[in-house]
Amino acid sequence: MIDLLQTYWPHILAVVSTLLGTVAAVHVAMTKRDVRSAIAWVGVIILSPIVGAVIYGLVGINRVRRANFMARRNLRRSRLRQALAPYAIEPGEVEARFGPRLEQLRRLGDKVAGRALTSGNRLEPLLTGDAAYAAMQQAIDQAEHGILMETYIFDRDSAGIAMADRLIAAAARGVEVRVLVDAVGARYSTPSILSYLQDGGVRVAAFNGRVITGLRMPYANLRTHRKILVVDGALAFMGGMNVREGFCGPDASRDTHFRVTGPVVADLFAVAAEDWTFETGEVLKGDAWQIRLSAGEAGTVPFVRAVASGPDINLEVNQRVLMGAFSVAERSIRIMSPYFLPDNVFLSALATAARRGVQVEIIVPSRNNLAIVSRAMTAQFEAILKNDCRIFRANGPFDHSKLLVVDGRWTYVGSSNLDSRSLRLNFEIDLEVYDNDFAGFIERRIAQSRHGAEEVTLDALRARPFAIRLLERVLWLGSPYL
């Protein structure tokens, strides 16, 4: 046998390579929705025999198919809609307050988001890690029934330990506590916070850390990037902020988180509960997990909807909602994002809005925590500027906020970055908000970052050395996977 292998190993290798490549290429052709993605993967498979097929098997296949509990989820959503019926928006309310264009956007949201636009909510912005963590810890300390937390990164550092100790104390006094941390995000610090929480009596799980070829190795793609904390079914926190000490202190990275009360809390809970059930099989039911809408927290924000997106049945919901918003914009689109690397379809929607007279402004950090992403973003800037959009690089500490306002009336905030990973590959949670006052606050927040920022110009981009511009374009080629 050994002699045969030594003699015919090139032939055996050729057969294995052909079989693996054929199977992988057929799978690409039959499952990929985007032709560019399909062509790219077939190229990788053909040009890298065996290795290309293995890479595709590890990171190219969408294994997050949740059809096994979709019927149960649809039943829960039906019950949720019944419970939220008193807060439902009456026909014509959006048009009466905000005009026919936002009424069209409301209809789009009804169709693609699958969650109700509700009244009676309150959103309190938390502009620093110190403020957000203090509010979250206070809520955990006051919890009496149940705490459900889902996040991408939960570091085992000073900020993470402080949060974990509050969760452990809550569990010790009889509160039901569940913590879901992304399997990749959980490894940003070693050892993981999961073992610390588990040793303290908290039920924890790592999202999508499936076994691959016998190894416990999470996929690089298909992560939960959501940040949700729901306490006693009455109070929630969401936004862009992970749990890590880098957001604490006077020189910390910036972000924008939100304390949320009102009926939209029920949707935030439902999203996190579905993810917990998907990962653990446990259905969160019983008194600890009841939704408790407090009359004392009656909100002032007219209309709010939770927008959940991800590589299951919610594919590209966030991108569809945003492109709908761009299509109805009349005066302005203001965007603040740490990672701005959308696809050409998204950029074309912005360019179309700008060409018909809408002011399009994009604010990105001058100092990015991911240098490769910053370089790849810059490679797109020339095409964006040619289409009458404006780009600003904000000075000061790195800002991780994801904020978007259309016409000073409609706002989109949450966990989604404007890149292919957030718009196609990750599980995200955002809020669309119809409210002039809230939009005004977010516009002022964006304007504050724009103050003193450096505007990017075509002349400055073209004046840089050719080697730098070439490097950026090469990095840009990998933008769908950054």
Side-chain angles (χ1 to χ4, degrees), residues 80-125 236 238-239 256 258-268 293-309 317-336 349-350 353 356-361 402-414 416 429-447:
L80 185 61
R81 282 193 292 270
Q82 294 175 9
L84 298 182
Y87 304 93
I89 305 303
E90 295 295 328
E93 279 195 73
V94 170
E95 184 167 3
R97 291 199 186 202
F98 301 103
R101 285 179 172 264
L102 288 192
E103 170 62 18
Q104 294 171 14
L105 186 57
R106 190 274 304 169
R107 292 177 186 174
L108 173 68
D110 288 348
K111 294 289 187 181
V112 303
R115 298 182 186 276
L117 186 68
T118 59
S119 60
N121 297 285
R122 183 186 297 273
L123 306 180
E124 177 188 341
M238 64 81 63
T256 308
F258 300 91
R259 181 184 186 273
V260 184
T261 55
V264 76
V265 170
D267 279 316
L268 295 175
L293 301 179
S294 171
E297 286 278 9
T300 58
V301 176
F303 309 134
V304 181
R305 188 198 320 269
V307 181
S309 55
V317 170
N318 48 7
Q319 178 156 335
R320 294 176 187 180
V321 171
L322 289 173
M323 292 184 66
F326 300 158
S327 70
V328 302
E330 295 182 279
R331 301 188 306 275
S332 63
I333 299 171
R334 293 187 171 87
I335 297 172
M336 183 173 179
L350 279 179
R356 57 185 175 81
V358 178
Q359 294 180 348
V360 178
E361 297 179 352
K402 307 98 166 51
L403 309 171
L404 189 149
V405 184
V406 172
D407 289 346
R409 298 182 296 171
W410 184 88
T411 313
Y412 198 79
V413 298
S416 292
I429 184 69
D430 303 287
L431 297 178
E432 61 162 337
V433 183
Y434 297 71
D435 180 54
N436 294 338
D437 291 339
F438 185 78
F441 173 85
I442 298 300
E443 282 201 320
R444 291 190 295 274
R445 169 77 174 85
I446 295 173

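Interatomic distance, Leu102 CG to Glu432 CD, rounded to the nearest 0.5 Å: 9.5 Å. Expressed to the nearest 0.5 Å, how far CZ of Phe438 lies from CG of Asn121 amounts to 11.0 Å.
Minimum heavy-atom separation, Thr261 to Val265: CA-CG2, 3.8 Å. The minimum heavy-atom distance linking Ala306 with Leu268 is given by the pair CB-CD2, 4.4 Å. In plain terms, the two heavy atoms of Glu95 and Pro100 that are nearest each other are OE2-CB, 3.8 Å. For the pair Asn318 and Ser309, the tightest heavy-atom approach, listed with the atom from each and the gap, is ND2-OG, 3.0 Å. Closest of all the heavy-atom pairs between Pro263 and Gly120 is CD-O, 3.4 Å. Closest of all the heavy-atom pairs between Arg334 and Glu443 is NH1-OE2, 2.9 Å.
Side-chain contact check for Glu361 versus Ile335: every heavy-atom pair is 4.5 Å or farther apart. Residues Gln319 and Met323 form a side-chain contact, since some pair of their non-hydrogen atoms from C-beta on lies under 4.5 Å apart. A 4.5 Å side-chain heavy-atom check between Phe303 and Glu93 finds at least one atom pair inside the cut-off. In this structure, the side chains of Leu404 and Val413 stay at 4.5 Å or more apart for every pair of heavy atoms. In this structure the side chain of Val433 reaches within 4.5 angstrom of the side chain of Leu123, judged on heavy atoms. The shortest side-chain heavy-atom distance between Val358 and Val406 does not fall under the 4.5 Å cut-off. At least one side-chain heavy atom of Ser119 sits less than 4.5 Å from a side-chain heavy atom of Ile89. Using a 4.5 Å heavy-atom threshold, the side chains of Tyr434 and Arg106 count as touching.
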Evaluate the criterion side-chain contact (heavy atoms from CB on, under 4.5 Å) for residue pair Phe326 and Ile333; output intermediate values, then yes/no. CA-CA 7 Å; Phe326 300 158; Ile333 299 171; 3.7 Å; yes

Hey, mind stepping through Trp410 and Val405 against side-chain contact (heavy atoms from CB on, under 4.5 Å) and telling me if it holds? CA-CA 6 Å; Trp410 184 88; Val405 184; over 6 Å; no

Apply the test side-chain contact (heavy atoms from CB on, under 4.5 Å) to residues Arg115 and Val307: give CA-CA distance (whole Å), side-chain angles for both, the deciding distance (0.1 Å), then the verdict. CA-CA 7 Å; Arg115 298 182 186 276; Val307 181; over 6 Å; no

Could you walk me through whether Asp110 and Arg305 satisfy the salt bridge (Lys or Arg N to Asp or Glu O under 4.0 Å) test, starting with their C-alpha distance in whole Å, then the side-chain angles of each, then the deciding distance to 0.1 Å, before giving a yes or no? CA-CA 9 Å; Asp110 288 348; Arg305 188 198 320 269; 2.8 Å; yes

Could you go through Thr256 and Leu403, starting from their C-alpha distance and side-chain angles, then the distance that decides it, and tell me whether this counts as side-chain contact (heavy atoms from CB on, under 4.5 Å)? CA-CA 8 Å; Thr256 308; Leu403 309 171; 4.1 Å; yes

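Tyr87 pairs with exactly one of Val304, Leu117, Thr118, Val264 by the side chain to side chain contact (heavy atoms under 4.5 Å, CB included) rule, that one being Thr118.
Using a 4.0 Å cut-off between a side-chain N of Lys or Arg and a carboxylate O of Asp or Glu, Glu330 and Arg409 qualify as a salt bridge. Ion pairing between a basic and an acidic side chain is recognised when a charged N comes within 4.0 Å of a carboxylate O; Asp407 and Arg101 show no such pairing.
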